[in-house]
Amino acid sequence: DRVVSWRCLAGAGAVGMESSYAKSLCPGAGAARTGRTSPGKQNGDDVRGDRESSGHIVVVRHAGIDCPMDGSRDVWYDEAMAAAEDVCTESLGLGIPVRAYLSTSFGCPFEGAVPPSRVIELTMRLLDFGAYEVSISDPIGIGHPRQVTDLLHELGARVPLEHIALHFHDTRGTALVNVYAALEAGVSTFDASAGGLGGCPCAPNGTGNVATGDLAYWLHRSDIAAGLDLALLQEAAIWVGEQLGKSVPGLLSRAGGFP
C-alpha cells in the first residue's frame with residue numbers, strides 16, 4: 001500500500017518522497033533513506049549494501065536541538081552531532097547526497113524556548129558536514145510567523161537560503177501561515193505530508209505535517225507554481241484514508257479545490 005500511495009503522489013507531481021520510519025542510531029540521532037531504512041554509525045553496511053538500489057538520498061534526522069530527559073545534555077549533543085557527521089561522511093563517500101533535519105527548532109517540549117543562535121549554529125554545522133539542504137523543523141507545531149521571519153532573517157545573513165527547507169506540523173493550525181512567512185523571507189522548499197497524516201512522539205495529541213494538498217491549493221490560489229495536480233492530490237489523500245479506514249486531516253480531500 002505504501003508503494004501504491006507513493007505512485008499516486010508521484011502522478012500528482014510530488015518529488016522527494018520519504019518514508020517516515022528509521023532505525024535508531026544513537027541518542028538523539030537517526031537517519032532514513034527514502035523508502036528504506038538507513039545508514040549510520042552502527043549500521044554503515046546498510047549504505048554500502050544498498051548502493052546499487054539507491055538513486056535516493058540519505059536523510060539525517062533529529063541531529064540537532066538537545067532535549068534529553070535524563071539531563072545528559074552535553075553527552076547527547078556530542079553524540080548526536082558526531083553521528084550526523086559520520087552519516088554524512090560515509091554517504092557522501094559513496095556518492096549519495098545527504099539531506100539533514102534539525103528538529104524542535106522553534107521550541108522543545110522538554111526545555112522550552114530554543115535560541116535562534118543554536119538553530120543557526122547547528123544548521124551551519126550540518127551544511128559543513130556536507131548536507132545539501134537542512135530542513136528546519138517544528139514537529140510539535142508551536143512556531144509562529146514572527147518567529148519564522150526573525151529566524152530566517154538571521155540565518156539568511158549566514159547561509160544561502162536555497163540550502164534551507166522548512167518543516168511545519170499543523171498541530172495548532174499555524175503551518176500554512178508559517179509557510180507564507182518563510183516564502184516572504186526567501187525560502188522555497190517545504191516538507192508536506194500526504195493528507196496531513198503523521199504526528200510526533202514527543203508532542204501529545206500532535207498532528208502531522210502540513211497536508212500536501214492544502215499547501216498545493218494555497219500555492220495555486222496564490223499564483224505560485226508548484227507543479228502539483230490538485231485533483232490527483234485529492235484522490236491520493238482520499239485513497240490513503242480509505243486504506244486506513246478513516247478520513248485524513250487534510251482539508252482539500254474534504255472540500256475539494258476552487259474554482
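As the structure is a prediction and not an experimental result, all values here were calculated from the model.
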Item checked: Heavy-atom pair with the smallest gap, counting every atom of Ala192 and Ala211 -> CB-C, 4.3 Å
Check: What's the spacing between Leu230 CG and Leu252 CG if we round to 0.5 Å?
Finding: 6.0 Å
Next item on the list: Tell me, with the steps shown, if Leu197 and Asn209 meet side-chain contact (heavy atoms from CB on, under 4.5 Å).
Entry: CA-CA 7 Å; Leu197 293 170; Asn209 203 348; over 6 Å; no
Item checked: ILVMFWY cluster, Tyr217 and Val177 together (side-chain gap under 4.5 Å) -> no
Notebook entry, point to check: Nearest 0.5 Å, what's the CG-OG distance between Leu155 and Ser105?
Noted result: 10.0 Å
Next item on the list: Would you check if Ser193 and Val210 make a side-chain contact, meaning some heavy-atom pair closer than 4.5 Å?
Entry: no
Next item on the list: Kindly indicate whether the side chain of Leu183, heavy atoms from C-beta on, has any atom under 4.5 Å from the side chain of Leu219.
Entry: yes
Check: Mind checking whether Tyr101 and Ile136 have side chains closer than 4.5 Å, heavy atoms only?
Finding: no
Notebook entry, point to check: So, does Arg158 use its side chain to make a donor-acceptor pair with the main chain of Glu121 at under 3.5 Å?
Noted result: no
Next item on the list: Could you pull out the closest heavy-atom pair between Pro109 and Thr104, with the gap in Å?
Entry: CD-CG2, 4.0 Å
Note to self: To the closest 0.5 Å, what do you measure between CD1 (Ile224) and CG (Leu215)?
What the structure shows: 9.5 Å
Item checked: Main-chain N/O of Phe168 paired with Asp138 side-chain donor or acceptor, under 3.5 Å -> no
Notebook entry, point to check: Would you find a donor on one side and an acceptor on the other, under 3.5 Å apart, between the side chain of Ser91 and the backbone of Cys88?
Noted result: no
Note to self: How close do Gln234 and Gly257 get, counting heavy atoms only, and between which atoms?
What the structure shows: OE1-N, 4.5 Å
Next item on the list: Indicate whether the side chain of Thr207 and that of Asp170 have a donor and an acceptor atom separated by less than 3.5 Å.
Entry: no
Notebook entry, point to check: Side-chain contact, heavy-atom cut-off 4.5 Å: Leu161 with Ile164?
Noted result: yes
Next item on the list: Name all residues meeting the salt bridge (charged side-chain N to carboxylate O under 4.0 Å, His left out) criterion together with Glu133; count only those two or more places apart in sequence or in a different chain, and write none if there are none.
Entry: Arg99
Check: Where the side chain of Asn178 meets the backbone of Gly143, is there a donor-acceptor pair that is under 3.5 Å apart?
Finding: yes
Next item on the list: Search all heavy atoms of Ala84 against all heavy atoms of Leu126 and return the closest pair with its distance.
Entry: CB-CD2, 4.0 Å
Check: How long is the gap from CG on Leu233 to CD1 on Ile238, to the nearest 0.5 Å?
Finding: 11.0 Å
Next item on the list: Return the minimal non-hydrogen interatomic distance between His167 and Ser135, and the atom names on each side.
Entry: CB-OG, 3.4 Å
Note to self: Let me confirm one number: the CZ-CE distance from Phe129 to Met81, rounded to the nearest 0.5 Å.
What the structure shows: 4.0 Å
Can you give each donor-acceptor pair under 3.5 Å made by side-chain atoms of residues 145-152, sequence neighbours left out, with the distance rounded to 0.1 Å?
| residue | atom | partner | partner atom | Å |
| --- | --- | --- | --- | --- |
| Gln147 | OE1 | His144 | N | 3.4 |
| Gln147 | NE2 | Phe106 | O | 2.8 |
| Thr149 | OG1 | Pro145 | O | 3.1 |

Notebook entry, point to check: Are Thr189 and Leu166 close enough that some pair of their side-chain heavy atoms sits under 4.5 Å apart?
Noted result: no
Check: Counting distance only, does the side-chain N/O of Arg172 pair as donor-acceptor with the main-chain N or O of Ile140 below 3.5 Å?
Finding: yes
Note to self: Quick check against the 3.5 Å criterion: does Ser253 have a side-chain atom that pairs as donor or acceptor with the backbone of Leu251?
What the structure shows: no
Note to self: For a 4.5 angstrom cut-off between non-hydrogen side-chain atoms, does Thr123 reach Val119?
What the structure shows: yes
Check: Below 6.0 angstrom between ring centroids: does that apply to Tyr132 and His163?
Finding: no
